[in-house]
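See structure below.
When a ligand or atom number is given, it counts from 1 through the structure's own listing order. Computed from a prediction, not measured in an experiment: that's the story for all the values here. All residue numbers in this chain count up from 1 along the given sequence.
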Amino acid sequence: MDSTKLRFFAPCPRGLEGVLEQEIHDLGVPMTAKTDGGIAFQAPWSTMYWVNLKSHIASRVLWEVGQAPYRSEDDVYRAAYGLPWPDWFTPSQTIKVKVSARRCPLTSLDFVTLRIKDAVCDKFMSVRHKRPSVDRHRPNIRLDAFLDESTATFYLDTSGEPLFKRGHRVVSVEAPLRENLAAGLLRLAGWTSSDVLLDPMCGSGTIPLEAALMARRIAPGQSRSFAFERLLVHDAKRWGHLREASRLKQLAEVSAAIYASDQDPAAVKIAQRTFQGAGVAVDIRLRQSDVLALEAPAEQGVLLINPPYGVRLSRPEELDAFYPQLGDWLKQRFSGWRAYIFTGDLRVPKLIGLAPSKRTPLFNGPLECRLYEFQIVSGSMRKRIPTPTSKA
Ligand SMILES: C[S@@+](CC[C@H](N)C(=O)[O-])C[C@H]1O[C@@H](n2cnc3c(N)ncnc32)[C@H](O)[C@@H]1O
């Protein structure tokens, strides 16, 4: 299988397509195409293992197993029936079919989902005289289909659990960032492992954890399992070699300092346990502190802040009072630093009193957000926001 180039699609949080494409190139895949919400790429089978193991930003890696034009549900059924599913998995494995669509003329996606499931089961009945059963919660095999106005594309999900589930979270906390979004923010901020990093509102520690994994070259998927291990075409020996090669590339320590803090002692405890579980507690200097009490730990560095936002997390009037203080804190103590604020509150530049040098639109799930970049310079060089009507 490794002599042929296969087609894959790696979805990611919207807004991170550019950094995901760069990451896939860096993983040794030159043939990529950027689309809204992900990167299509062509590569040998074992490269798919490598992308699943090493990507910080992809949400999944889907293997494109077929494509056909369609006009009706029956056309989709016939196209799905025509694929050699029994070559890829067995009828004793459970399945789940997920359909997504853009400009699809069919009236019910639920009905198309049912037809695809029927086609797969009918195919197994005709070839193996046994059909797989459906498990909507923990299926062994996930099948994806994407319908545009005239073409149905079928995928087998090679990841299983989404790739942002690295297996490091000890407990769930309120509003943590997804790991791949945190990694994408670090990449958009241009952070490299030789830069000092400070996350002064670290919550459960997602950003510093991703930074430490990157700095130590610990593959995000090093200690989890993947759906490709359950496919009949899986090459366990090759996978074992790749995983071991990746483990041998891990560094014993980080080159630059990573600082993290939060005012909430419970969050600090959770972050501590998470860092320990991931084996990077020694790489992150974690403490409990109000952000405004912190001094810059170095002359230069990158600040990445994900402040509370939204009705569940904080009242708007509290944020209105907080941001001008955060702006003063940055100006007084962090000249020479690059500061990044990731928020869904588009009033932040106005409230903080600094003009962003860059604003990158991103989506945190369905929530439209921005990553604002502020170059903190001392005294007279500082640009102030001229009017309160500046656009977000
Ligand atoms: C949106 S959460 C950060 C989530 C984090 N990125 C994660 O992935 O878990 C915002 C955090 O800011 C912290 N926070 C709020 N006000 C603070 C302050 N004045 N000083 C330090 N931390 C503060 C909260 O305790 C909360 O953990």
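Using 4.0 Å as the threshold, Ser289 has a heavy atom nearer than that to some atom of ligand 1.
Considering backbone and side-chain atoms alike, Asp199 places every N or O at 3.5 Å or more from each N or O of ligand 1. Taking distance alone, with nitrogen or oxygen atoms compared against 3.5 Å, Asp262 approaches ligand 1 more closely than that limit. Here's the thing with Leu177: one of its N/O atoms is less than 3.5 angstrom from an N/O atom of ligand 1.
Counting heavy atoms under 4.0 Å from ligand 1, residue Ser261 does not touch it at all. At a heavy-atom cutoff of 4.0 Å, ligand 1 is contacted by the backbone of Cys202 but not by its side chain.
A perpendicular orientation is assigned to the rings of Trp85 and Phe154, their planes being inclined by more than 60° (bins at 30° and 60°). Ring orientation note: the planes of Phe374 and Tyr372 are tilted relative to one another, at an angle of 30° to 60°.
In this structure, the side chain of Asp148 engages the main chain of Thr151 through a donor-acceptor pair within 3.5 Å.
By the 4.5 Å heavy-atom criterion applied to side chains, Phe228 and Trp63 are not counted as neighbours. Side-chain atoms of Trp239 and Phe226, non-hydrogen and from C-beta on, do get closer than 4.5 Å to each other. The shortest side-chain heavy-atom distance between Thr47 and Leu27 does not fall under the 4.5 Å cut-off.
Of all the atoms in ligand 1, the ones that sit under 4.0 Å from a non-hydrogen atom of Pro308 are 10 (C), 12 (O), 15 (C). Counting atoms of ligand 1 from 1 in the listed order, those under 4.0 Å from a heavy atom of Ser204 are 7 (C), 8 (O), 9 (O). Of all the atoms in ligand 1, the ones that sit under 4.0 Å from a non-hydrogen atom of Gly203 are 9 (O), 27 (O).
Between Phe124 and Phe89, the ring centre distance stays below 6.0 Å.
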